[in-house]
Amino acid sequence: MSSHESDQINSEKPTASAAEIKTAAVPVTHAPKDGVKEKAVRNAELFAAIKEANINPWSKTSFHLYYAIFIAFCCACANGYDGSLMTSIIAMEPFQEKFQTGGSTGSRVSVIFSLYTVGAMVGAPFAAVIADWYGRRKAMFAGSIIIIVGMIIISTASAFAQLVVGRFVLGVGISVMTVAAPSYSIEVAPPHWRGRCTGLYNCGWFGGSIPAALVTFGTNYMGNDYSWRVPMILQAFACVIVLTSVFFIPESPRWLMANGREDEAIAFLVKYHGNGDPNSRLVRLEVEEFREGIRQDGIDKTWWDYRPFLMSHSGRWRLAQVLMISIFGQFSGNGLGYFNTVIFKGIGVDSVPQQLGYNILNQALSCVCAVSAASLTDRLPRRKVLVIGTFMCAVALATNSGLSAVLDKQRRENNGNFDLSYGQGALASYFIFNAIFSLTYSPLQGVIPSEALETTTRAKGLALSGFIVNAVGFINQFAGPIALDENNLGYKYIYVFVGWDVFESIVWYLFCVESQGRTLEQLEWVYNQPNPVKASLKVDKVILAEDGRVAEKIVA
């Protein structure tokens, strides 16, 4: 944008008060006429603004916004690449011989996996500082640099100590990227694209995990150290894209507003949310909500201050949403995905190429489900999806563990032989679990914590989420290889997640605050109510004109 265009936009920026936008914009009626078309919506003002929004999804400006969100998506790809990378590499004989892991399970494998999450936990508080003080773009840039350094360390490793140090550095880098990227994607998206943009961001996990599964499947045939070194080198590919592109995308308008750069924030909204029209109803609504809801002296200016999460009613409820999605999103049985090759072996898939092939198929199926769910995120209620989906995860895992128990009994009684149909059933139920989990959690793991947090607490809250996610990941990755060892719990380890998923489903029903259909700023009202869950389910009724626009808001 030229300086002349910027000055013109700034001179035309909306000056209407918040009251004018929120009341006069939607006329009020107490008694709707007979025969008029009514609709229940969560936010009448936002619904009216969206109906009149003139964002052209095929314009050059919109494509630039898509590109900006794609760069955030690449940050999730870097994280997903590691998740699929190591489950394949630990099954490779050259890797096992080089680092004396003693197979695909055991304590040394636990250390390799868990040092990544320890690094992410250590890096989380610093990630929040970088994102709050220097902006979302610079934080993504810094995370890319750190990951590239970690890649160099692990890909050149010849000793176990060097490998685990590299894993630690990678974890620090990924924590910086995964605090900044979801903040960025949710803050730049128009309100009615928010769920899809942030949901698709989190699907970036598969944008990394599938290529990693494919690469390791191919390099496994090399039969030497390059079979695992090459995939590790390619771990930096997504980071190179971020590194070279991040300063060609706009900064978050909410971060700009929170740091006293209001003119730049308004210019962003006019350009990307209003098709260049400063009088767009959507732009006017956003600007006034920004001014009302974003503080320039918030806790984002004080790196150590996490008190609002505990000292206020709103903060405690927001923190509860972050804790639930962070813990449940990692401990619903999906942590078993780090050990797919071990699980496949346990249900009768003994060939390493077969194990890697099934890993690719599992990643592809999960990706299709996750992207499908993300495309519907702006229309589906979060609460119902989480309650029903989590319970179905428990059912799928119960089926898998039951069939695995039969397999184990047959092996012990028949000198290692078993009925193939039971193995196929166990494999199918495990794939079904991953499909259900991807439909339920994959989009919402990015959406729920980002929506639950306000602008000045978002980076800190996501850093806290990252710390919790990686703490639970540490338990998964350290305990998993040991618990899944056939000399320990083996398949019985899955029973833990069956009971836990039932518990999660109940907790979601009781405490999940519905955020679909509201602006990020309007959620402040929801969280300040005595019962935010009940308040979040409140709807407005509006009368629609013949052209589909909102004519009036019905007040009971």
Task: Pairing of Glu521 and Arg254 as salt bridge, 4.0 angstrom limit - done: yes
Task: Minimum-distance pair of heavy atoms, taken over all atoms of Pro443 and Leu439 - done: CD-O, 4.3 Å
Open item on the list: Would you say CZ of Arg379 has more than 12 non-hydrogen atoms from neighbouring residues, nucleotides or ligands within 6.0 angstrom?
Closed with: no
Task: Side chains of Trp255 and Glu251, donor plus acceptor under 3.5 Å - done: no
Open item on the list: Would Glu524 and Arg318 count as a salt bridge (Lys or Arg N to Asp or Glu O under 4.0 Å) here? Give the steps.
Closed with: CA-CA 10 Å; Glu524 179 64 22; Arg318 290 178 185 273; 2.5 Å; yes
Task: Point-to-point distance, once rounded to the nearest 0.5 Å, from CG of Asn531 to CH2 of Trp317 - done: 6.0 Å
TODO: Keeping the roles fixed (side chain from Ser505, backbone from Val387), state whether a donor-acceptor pair exists under 3.5 Å.
DONE: yes
Task: side-chain contact (heavy atoms from CB on, under 4.5 Å) assessment of Asn275 paired with Thr61 - done: CA-CA 8 Å; Asn275 264 5; Thr61 301; 5.7 Å; no
Open item on the list: Run the side-chain contact (heavy atoms from CB on, under 4.5 Å) test on Leu46 and His192 for me, step by step, so that the C-alpha distance in whole Å, both residues' side-chain angles and the decisive distance to 0.1 Å come before the verdict.
Closed with: CA-CA 9 Å; Leu46 175 62; His192 51 308; over 6 Å; no
Task: Plane angle bin for Trp508 and Phe328 - parallel if under 30°, tilted between 30 and 60°, otherwise perpendicular - done: perpendicular
- [ ] Find the distance between OG (Ser332) and CD1 (Ile436) and round it off to the nearest 0.5 Å.
- [x] 12.0 Å
TODO: Can you see which heavy atom on Asp501 is nearest to which on Phe331, and at what distance?
DONE: OD1-O, 4.2 Å
- [ ] State plainly whether the residues Glu514 and Arg383 are in salt-bridge range, i.e. N to O under 4.0 Å.
- [x] no
Open item on the list: I'd like to know if the side chain of Tyr116 pairs up with that of Asn79 as donor and acceptor (distance under 3.5 Å, no hydrogens or angles considered).
Closed with: yes
Open item on the list: Is there a side-chain contact between Tyr527 and Val513 in this structure, where contact means two heavy atoms from C-beta onward sitting under 4.5 Å apart?
Closed with: yes
Open item on the list: Quick check for you: to the nearest 0.5 Å, what is the distance between Cys369 atom SG and Phe206 atom CZ?
Closed with: 8.5 Å
Open item on the list: Could you measure the distance from the CZ atom of Phe70 to the SG atom of Cys75? Nearest 0.5 Å is fine.
Closed with: 10.5 Å
Task: Validation row: Phe391, Ile506 side chains within 4.5 angstrom (heavy atoms) - done: no
Task: Heavy-atom closest pair, residues Tyr441 and Gly329 - done: CD2-CA, 3.8 Å
Open item on the list: Do Gln516 and Asp378 pair up side chain to side chain, a donor and an acceptor below 3.5 Å, judged on atom types alone?
Closed with: no
Task: Check: Ser245 side chain, Val242 main-chain N or O, donor-acceptor pair, under 3.5 Å - done: no
TODO: Answer yes if the side chains of Ser375 and Ser372 hold a donor-acceptor pair under 3.5 Å, and no otherwise.
DONE: no
Open item on the list: Are the side chains of Val385 and Leu444 in contact, using a 4.5 Å heavy-atom criterion?
Closed with: yes
Task: Heavy-atom side-chain contact between Leu462 and Val322 under 4.5 Å - done: no
Open item on the list: Whether the side chain of Gln529 engages the backbone of Trp525 through a donor-acceptor N/O pair (distance < 3.5 Å, no angle test) should be reported.
Closed with: yes
Open item on the list: So, taking the atom named CG in Leu200 and the one named OG1 in Thr377, what distance separates them when rounded to the nearest 0.5 Å?
Closed with: 7.0 Å
- [ ] Please check if any side-chain donor atom of Asn434 sits under 3.5 Å from a side-chain acceptor atom of Asn362, or the reverse.
- [x] yes
- [ ] Applying side-chain hydrogen bond (donor to acceptor under 3.5 Å, both in side chains), run through Glu504 and Thr390 and close with a yes or a no.
- [x] CA-CA 7 Å; Glu504 287 181 3; Thr390 305; 4.6 Å; no
Task: Pair Phe503 and Trp500, ring centroids less than 6.0 Å apart - done: yes
Task: Residue pair Met140, Ile130: steps toward the side-chain contact (heavy atoms from CB on, under 4.5 Å) verdict - done: CA-CA 9 Å; Met140 288 189 281; Ile130 296 171; over 6 Å; no
TODO: To the nearest 0.5 Å, tell me how far Ile146 CD1 sits from Cys239 SG.
DONE: 10.5 Å
TODO: Report the relative orientation of the aromatic rings in His64 and Tyr272; use parallel for angles under 30°, tilted for 30 to 60°, perpendicular for over 60°.
DONE: tilted
TODO: Check whether any side-chain heavy atom of Arg458 lies under 4.5 Å from a side-chain heavy atom of Ile186, and answer yes or no.
DONE: yes
Open item on the list: On a heavy-atom basis, which atom in Ala463 and which in Val179 lie closest, and how many Å separate them?
Closed with: CA-CG2, 3.6 Å
Open item on the list: For Ser314 versus Asn528, what's the shortest heavy-atom pair and its separation?
Closed with: CB-OD1, 3.4 Å
Task: Trp205 side chain reached by Ser442 side chain, heavy atoms, under 4.5 Å - done: no
Task: Heavy-atom side-chain proximity of Ile148 to Leu243 below 4.5 angstrom - done: yes
Open item on the list: Looking only at the side chains, is there a donor atom on one of Ser450 and Tyr201 sitting less than 3.5 Å from an acceptor on the other?
Closed with: no
Task: Pairwise side-chain contact, Glu45 with Gln522, heavy-atom cut-off 4.5 Å (strictly under) - done: no
- [ ] Show your working on side-chain contact (heavy atoms from CB on, under 4.5 Å) between His273 and Phe268 and close with a plain yes or no.
- [x] CA-CA 8 Å; His273 294 188; Phe268 174 98; 3.8 Å; yes
Open item on the list: Between Arg281 and Asp277, does any NZ, NE, NH1 or NH2 come within less than 4.0 Å of an OD or OE carboxylate oxygen?
Closed with: no
Task: Within residues 431-456 or reaching into it, pairs that qualify as salt bridge (charged side-chain N to carboxylate O under 4.0 Å, His left out) - sequence neighbours excluded - done: Arg194-Glu451, Arg382-Glu451
Task: Residues, nucleotides or ligands: over 12 heavy atoms within 6.0 Å of Phe431 CZ - done: yes
- [ ] Compare every heavy atom of Ala213 with every heavy atom of Gln363, then report the nearest pair and how far apart it is.
- [x] CG-CB, 4.5 Å
- [ ] Would you please say whether a donor-acceptor pair under 3.5 Å links the side chains of Thr519 and Glu289?
- [x] yes
